[in-house]
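Step one of this worksheet: look at the structure below.
Just so you know, ligand 1 is whichever comes first in the structure, and atom 1 is the first atom listed for that ligand.
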Amino acid sequence: MANKDPRTKYHQDGFNKQKQAYPGLQGEMDFVPDCGEESYVGSGKLNGLKALISGGDSGIGRATAIAYAREGADVAITYLDDEEQDAQEVKRYIEEAGQKAVLIPGDLRDEQFARDVVGESVEKLGGLDVLVLNAGYQQWQPDLQDYTLEHMTDTFTINVFSQVFMMQEAEKHMKPGGSIILTTSIQAFSPANILMDYAMTKSAQVSLIKSLMTPFIQKGIRINGVAPGPVWTALQISGGQPQEKVANFGESSPLGRAGQPAELAAVYVLLASEEASFITGEVYGVTGGGPIV
Ligand code: NAD
Ligand code: MG
């Protein structure tokens, strides 16, 4: 059987305008993102591994959590208190795959939480092989003059500083063979002016990957990034984009449509798996054709 045409494999007719308060609930979106719930088929690529995924309740993190569980990993996810409903669904999918699910709600703006979440995962999962730093904060601003210290501090704290704290803790527990994966963005390479601070944090993540590659590989741990292009998720409709961009979200990508989180999962699986043993310090674009150079 031939592969499907990527232009038409997923939804491509635009979206209804819709706005939720940050962080947004995926389950209440008009056109619920496809995280592979009905489609992802595992083949034992991550058998026996223990993974922690930040922001694993929805979107790209959820697609990763479902794929990891179906590949044989036990999975802990973090999320915000308001996202309990989405998180419970992910727990169900992980358990239906026959794996252990650990839910850890909390706000990554809190340094202590960012640190504690790693120890709690190690304790409840019985170790840590894969750390996916995926939680992210994106709130568009119309103009340079609109960026406040408070706004930029939130963006940098969630997107960059919490990742550093989590890696500091993870370094104490992860063993050779471990893998760290950061969700960066095409915004690191082609920044939009309305996402100025967000784009800076995504570039900072690329820099983190390059900075930490040598010390981590000296411990046998690989660190890589995934740079998504436009992907239909709760982040976009809860302040990530102005409403007029929600309606035709993703249509300006060369592929002509938004990506679905399900289309990212295979890359996170590869980077976590033993098959990626010679891959470190890399950033993989999954953009529908947008450049990441
Ligand atoms: P999403 O809203 O489904 O997931 C983001 C998650 O981040 C939320 O579910 C939430 O649990 C978590 N989060 C946000 N603020 C937090 C806080 N203060 N404390 C703890 N957790 C917090 O959206 P998504 O698009 O799947 O986002 C996942 C990652 O992908 C983010 O890092 C985002 O920047 C990145 N990304 C997304 C796109 C896209 O088009 N959707 C493109 C490039 C990169
Ligand atoms: Mg969410």
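In terms of protein heavy-atom proximity, atom 18 (N) of ligand 1 is closest to D107 OD1, 2.9 Å. In terms of protein heavy atoms, atom 26 (O) of ligand 1 is closest to I60 N, 2.8 Å. The nearest heavy-atom contact from the protein to atom 25 (O) of ligand 1 is T233 OG1, 2.6 Å. Protein heavy atom closest to atom 27 (O) of ligand 1, with residue, atom name and distance, is L235 CD1, 4.0 Å. Ranking protein heavy atoms by distance to atom 19 (N) of ligand 1, first place goes to L108 N, 2.8 Å. The nearest protein atom to atom 35 (C) of ligand 1, hydrogens excluded, is given as T183 CG2, 3.5 Å; this is a heavy-atom distance. Counting only heavy atoms of the protein, atom 8 (C) of ligand 1 lies nearest to E83 OE2, 3.2 Å. Closest to atom 39 (C) of ligand 1, if we only count protein heavy atoms, is Q236 NE2, 3.0 Å.
Looking at R257, its side chain does come within 3.5 Å of a backbone N or O of P6 through a donor-acceptor pair. Checking side-chain atoms of N159 against main-chain N and O of G136 turns up no donor-acceptor pair under 3.5 Å. N224 places no side-chain N or O within donor-acceptor distance of the main-chain N or O of V283, the cut-off being under 3.5 Å. One N or O on the side chain of S179 and one on the backbone of L271 form a donor-acceptor pair closer than 3.5 Å. A side-chain donor-acceptor contact under 3.5 Å links Q18 to the backbone of D30. Formation of a donor-acceptor pair under 3.5 Å by the T280 side chain with backbone atoms of I223 is found in this model. Using a distance-only test at 3.5 Å, with no hydrogens or angles considered, no donor-acceptor pair links the side chain of E111 to the main chain of S162.
Under the salt bridge (charged side-chain N to carboxylate O under 4.0 Å, His left out) rule, R92 has a single partner from E95, E96, E89, which is E96. Of the candidates K202, H151, Q138, Q139, H151 is the only one forming a side-chain hydrogen bond (donor to acceptor under 3.5 Å, both in side chains) with D197.
Atoms CD and CG, on Q145 and D143 in that order, are 5.5 Å from each other to the nearest 0.5 Å. One finds the NZ atom of K124 at 12.0 Å from the CG atom of L52 (value rounded to the nearest 0.5 Å). L131 contributes atom CG, which lies 5.5 Å from atom CD1 of I180 (distance to the nearest 0.5 angstrom).
Counting heavy atoms closer than 4.0 Å to ligand 1, residue I158 contributes side-chain atoms (C-beta onward) but none from N, CA, C or O. Residue-level proximity to ligand 1 for N134 is carried by backbone and side chain together, each with a heavy atom below 4.0 angstrom. Neither the backbone nor the side chain of N159 comes within 4.0 Å of ligand 1, counting heavy atoms alone. Within the 4.0 Å heavy-atom criterion, the part of K202 lying near ligand 1 is the side chain and not the backbone. Residue W232 does not touch ligand 1, judged by heavy-atom distances below 4.0 Å.
In terms of N/O distances under 3.5 Å, ligand 1 is approached by V231. Note: no N/O pair closer than 3.5 Å links Y79 and ligand 1 by distance alone. The shortest N or O to N or O distance between G136 and ligand 1 is below 3.5 Å. An N or O contact shorter than 3.5 Å is missing between P228 and ligand 1 by distance. At a 3.5 angstrom cut-off on N or O pairs, Y137 does not count as close to ligand 1. Checked against a 3.5 angstrom limit, the closest N/O atoms of P230 and ligand 1 fall outside it.
Ring-plane geometry between Y22 and Y137 is classed as perpendicular, the angle between the planes exceeding 60 degrees on a 0 to 90 degree scale with a lower cut at 30.
Ion pairing of K50 with D74 is present here, as a side-chain N (NZ or NE/NH1/NH2) and a carboxylate O approach within less than 4.0 Å.
Residue G106 approaches ligand 1 through these ligand atoms, each under 4.0 Å from one of its heavy atoms: 19 (N), 20 (C). For ligand 1, the atoms lying closer than 4.0 Å to a non-hydrogen atom of G59 are 3 (O), 26 (O). Close approach to R109 involves these atoms of ligand 1, each under 4.0 Å from a residue heavy atom: 18 (N). Close contacts of ligand 1 with S185, meaning ligand atoms under 4.0 Å from a residue heavy atom, involve 43 (C), 44 (C). The Y198 neighbourhood of ligand 1 comprises atoms 33 (C), 34 (O), 35 (C), 36 (N), 43 (C), 44 (C), with distances under 4.0 Å to a heavy atom of that residue. Below 4.0 Å from some heavy atom of D57 lie the following atoms of ligand 1, by number and element: 8 (C), 9 (O), 10 (C), 11 (O). Applying the 4.0 Å criterion to heavy atoms of T184 picks out, from ligand 1, the atoms 43 (C), 44 (C).
When the heavy-atom distances from atom 4 (O) of ligand 1 to S58, A63, P261 are ranked, the shortest goes to S58.
Note on the Mg ion (ligand 2): protein N/O/S atoms under 2.8 Å are D57 OD2, S58 OG, E83 OE2.
Side-chain contact between F189 and V206 is present, with at least one heavy-atom pair separated by less than 4.5 Å. Looking at F161 and R109, their side chains never come closer than 4.5 Å, going by heavy atoms from C-beta outward.
In this model, a donor atom of one side chain and an acceptor atom of the other lie less than 3.5 Å apart for Y268 and T183. Checking Q205 against Q163 by side-chain atom types alone, a donor-acceptor pair falls below 3.5 Å.
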Audit row: S238, K19, side chain to side chain contact (heavy atoms under 4.5 Å, CB included) steps and yes/no: CA-CA 6 Å; S238 59; K19 175 110 178 79; 5.7 Å; no

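Not a single heavy atom of Q26 sits less than 4.0 Å from an atom of ligand 1. Using a 4.0 Å heavy-atom cutoff, Y22 is listed among the residues neighbouring ligand 1. Taking 4.0 Å as the cut-off, G229 counts as a neighbour of ligand 1 on heavy-atom distance.
Every residue was checked against the side chain to side chain donor-acceptor pair (under 3.5 Å) condition with E123, not counting sequence neighbours, and none meets it.
No single ILVMFWY cluster, assembled from side-chain heavy atoms under 4.5 Å apart, contains both V231 and V246.
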